[in-house]
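Read through the structure below, which is laid out as structure tokens, and then see the notes.
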Amino acid sequence: MSLHRVASLETFAILPTDQRSRRSSDASARARKLTFNPLPQEWDPPATLDTLHAVGAFEVPRWKRMLQVAAAVVYCLFAAGIVFGYAAIKPVLKSEGAYRDVCSAPGGIVSEDTCVEIHLNLMFTVAAVATNVAALPIGAILDHYGPRVCGLLGSLFLAVGSLLMAFESRVPFDGLLFGYLFLALGGPFTYISSFQLSNAFPKNSGLILALLTGAFDASSALFLVYRIIFQKSGGSFGHRRFFLAYLIVPVVIVILQLTLMPAQSYKTVGEMVEEIEEPLSEDPYDQVDEETALLQEEERQHRADVIEGLQTVLGSAKADKQAKKEERKNEISGVWGVMHPYTAWEQIKSPWFILICAFTVMQMTRINYFVATIRAQYEAIFGSIEKATEINEFFDLALPIGGIISIPFIGGILDHTSTVTVLTSLVACAATIGVLGIVPNEWAAYAGVCLFVLYRPFYYTAVSDYSAKVFGFRTFGTVYGTIICLSGIFNFSQSGLDFLFHKTFHGDPVPVNLILLSLGLAIGIALVGFVAFKVRVIKRKMLEEEATNAFGAFSDPRWNH
């Protein structure tokens with residue numbers, strides 16, 4: 001899972017700068033336009049005003065903005081990340097005979113149960129890949145056509161996915177795989193288009209992001225609730241009835257999009273400030289007629305309205321406090337701005353990108369592989385279906401709860417510790433989870449699950465935070481989108497890991513886990529070592545600059561008088 005918030009939602013397309021110093025990075029440039037588009041501007045021209053008009057939060061009644069946020073949180077809870085509840089719905093699909101017709105043919109290279117396991121895991125792998133890769137086109141669609149179009153497309157994908165899952169036995173292709181794929185596509189369209197609502201209440205943008213993120217994490221519990229209903233009903237409430245009932249969700253989202261939700265994104269504070277600071281159009285005095293004077297007066301009135309609206313939604317002292325807070329966080333990180341002045345291609349070629357991308361690929365593969373195979377792994381480790389089932393059920397419950405519990409702690413860690421400390425914590429946690437995953441003790445299994453459900457949101461948020469601080473928001477969409485896209489594509493390696501687990505190592509999960517642990521640890525150590533070395537170099541250069549400046553000021557002739 002990867003669709004987590006970044007340190008700031010304001011992904012800006014900023015005027016280019018030719019300077020290469022760290023202190024003259026894009027942070028000091030004027031933010032021009034909020035964009036979720038991962039494609040560079042030269043590849044994808046910005047939307048014209050005729051195509052998309054952003055609105056200021058003060059232009060919409062407060063009650064309506066509150067209802068919009070509440071509605072987004074609710075429908076994200078039912079749609080944003082439901083495919084990541086795969087571990088909960090997998091036993092239901094197996095008990096209803098999923099892929100039995102495909103795997104029952106004699107002469108297969110693996111047993112029937114293993115064949116079913118591999119097919120179901122492939123279904124989840126394709127969905128996980130689609131969730132990550134979909135972030136690339138969604139940003140462009142959101143920029144050009146607004147959140148309403150994205151929300152409607154998400155509803156369409158959810159409806160198609162539900163129908164395919166319900167009638168998978170009646171279609172001439174793999175209905176489960178394509179149905180789960182469409183459900184996976186519907187999630188990010190619904191979730192990402194809700195990000196802009198954080199600008200509806202700028203003073204509470206962090207709270208809104210936390211609510212949306214919590215809804216995304218908690219949405220994986222939907223399949224857990226369904227599995228409980230399935231078991232309580234003795235299997236009579238099958239997956240067909242469930243997914244037909246689930247069609248209510250996309251229908252409600254469509255109604256909300258057409259009636260309540262905004263057709264355009266809300267303006268960021270940066271965009272509204274820019275409106276205020278742009279010079280008024282002035283014509284020579286002898287060329288001012290009645291129509292020109294009226295236009296100028298309308299422009300002045302609009303500016304006054306924007307100023308008043310900003311004070312209403314933000315507060316006069318809020319901007320200065322926020323600026324100081326951001327500056328303090330940037331200093332603590334130790335790496336902020338190091339690659340900001342460079343182009344996206346220069347950033348992608350750098351070790352800063354290559355190492356974090358390799359680490360993300362490795363960890364995302366481990367995370368999704370664990371989600372897909374947790375029951376099979378613990379069946380092999382403990383030799384007991386009952387124990388594996390208990391751990392699986394605990395995991396299904398802990399997954400959404402862990403995502404919600406970790407939200408406030410993640411923000412505090414990222415804001416008050418250096419990037420080197422954050423990366424070191426990630427590597428240490430990943431190694432600990434890997435070790436606990438191969439220890440044949442129940443306490444280790446439960447401890448590993450608890451650490452995993454806390455580590456997963458921390459990891460994804462930390463990667464986006466690293467990308468924002470190191471590469472900057474001018475190229476954030478391109479760089480972060482590339483990391484997530486490549487990580488998603490490499491998730492297809494899960495099918496190979498499945499084959500190694502079931503066929504090569506004869507159902508023993510330990511060798512595969514050791515391979516993943518070793519690779520992840522090696523890449524993680526390389527990443528931490530590189531960043532720590534660069535931080536020392538940066539600090540040394542800054543001290544040298546300060547010493548040079550101080551010496552220059554002391555040697556100024558004016559000091560001799």
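Values reported hereafter were calculated over all heavy atoms of this structure, with side chains retained and with hydrogens, waters and symmetry mates removed.
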Who pairs with Arg100 by salt bridge (Lys or Arg N to Asp or Glu O under 4.0 Å), at least two apart in sequence or on another chain? Glu112, Asp113
Pairs in or reaching into residues 67-79: which pass side-chain hydrogen bond (donor to acceptor under 3.5 Å, both in side chains), with residues at least two apart or in two chains? Gln68-Tyr266, Tyr75-Gln257
Results of disulfide bond (SG atoms under 2.5 Å apart) for Cys429 - residues two or more places apart only: none
Do Glu117 and His502 have a side chain donor and acceptor closer than 3.5 Å? no
Where does the angle between the aromatic ring planes of Phe157 and Phe189 fall among parallel (under 30°), tilted (30 to 60°) and perpendicular (over 60°)? tilted
By side chain to side chain donor-acceptor pair (under 3.5 Å), which residues pair with Glu390, not counting sequence neighbours? none
Might you confirm whether atom CG of Leu260 has over 12 heavy atoms from other residues, nucleotides or ligands at distances under 6.0 Å? yes
With a 3.5 Å cut-off and sequence neighbours excluded, list the donor-acceptor pairs that the side chains of residues 504-511 form with protein atoms.
unit_1	atom_1	unit_2	atom_2	d
His506	ND1	Lys503	O	3.4
Asp508	OD1	Val510	N	3.1

Run the side chain to side chain donor-acceptor pair (under 3.5 Å) test against Ser384 and tell me which residues pass, sequence neighbours left out. Glu386
Side chains of Ser406 and Arg456: do they bring a donor and an acceptor to under 3.5 Å? no
Give the ring-plane orientation class for Phe370 versus Phe452, where under 30° counts as parallel, over 60° as perpendicular and anything between as tilted. tilted
Do Asn368 and Tyr86 pair up side chain to side chain, a donor and an acceptor below 3.5 Å, judged on atom types alone? no
Looking only at the side chains, is there a donor atom on one of Tyr369 and Asn121 sitting less than 3.5 Å from an acceptor on the other? no
Angle between ring planes, Phe230 versus Tyr226, binned at 30° and 60°: parallel, tilted or perpendicular? tilted
